[in-house]
Amino acid sequence: MADARLYAVLARIDDDLAETARRAGCAVCHGVLHSARFPRKPRGGPAELPTGYDRRHSFCCAADDCRKRRTPPSVRFLGRKVYLGAVVVLAAALRDGLTPGRVARLRQLLGVDIRTLGRWRHWWRRTFAASPWWKATRARLAPPVPAATLPGSLLQRFAGDGWEPLVALLRFVAPSTTPSDGAGLFEGRREPAEDAR
Ligand SMILES: [Zn+2]
């Protein structure tokens with residue numbers, strides 16, 4: 001979780017996802033999209049995050065009579081969580097095997113307490129698991145991924161070394177972070193992040 005290279009990889013993937021969305025143009029009038037990123041305060045990552053981590057990519061249609069917003073999928077930010085997506089996945093996946101030593105370490109590394117970890121686990125197993133996006137997507141996964149052990153049960157489906165499975169998972173769930181393809185998990189522009197307390 002503290003490896004700065006992971007966050008550089010995720011930033012590049014988000015740049016690509018944003019460029020694809022920009023090239024596609026406005027979904028309503030096919031107009032040109034202008035950058036209209038919104039601020040985020042990422043928590044839980046290493047001290048040195050790549051530049052741009054305090055903004056989520058987003059666009060606004062340039063046509064005066066449209067102005068429709070288009071927000072591309074993201075592998076960096078998960079829904080309205082203030083913590084970085086990678087952190088919310090890994091810490092929640094660890095939650096099952098939490099020992100007092102691990103809880104202390106997570107608090108030291110990320111500044112999260114056991115209540116926050118419990119909320120993340122609840123979010124994966126209830127909110128995420130109940131979302132239309134997940135319900136449509138899980139049908140493609142065989143054997144089924146049990147909701148009761150998300151996100152660890154989903155993480156296990158991706159092969160690779162080091163943080164490759166994590167990057168693959170974040171890519172996989174990225175469509176759930178947009179309003180158009182998404183799951184009601186999208187963060188509204190003015191809504192505060194739900195765990196920003
Ligand atoms: Zn438009």
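Both counts, for ligands and for their atoms, begin at 1 and track the order of listing.
- Note: Trp133 and Phe128 have tilted aromatic rings, judged against thresholds of 30 and 60 degrees for the angle between ring planes.
- For the Zn ion (ligand 1), the N/O/S atoms of His30 include none lying under 2.8 Å.
- A side-chain N or O of Ser58 and one of Arg69 form a donor-acceptor pair less than 3.5 Å apart.
- With the Zn ion (ligand 1) at the apex, Cys66 SG and Cys26 SG define an angle of roughly 110° (rounded to 10 degrees).
- For the pair SG of Cys29 and SG of Cys61, the angle whose vertex sits at the Zn ion (ligand 1) is 100° to 10 degrees.
- The CZ atom of Arg12 lies 13.0 Å from the CG atom of Leu17; values are rounded to the nearest 0.5 Å.
- Considering every non-hydrogen atom in both Pro175 and Arg171, the closest pair reads CD-O, 3.7 Å.
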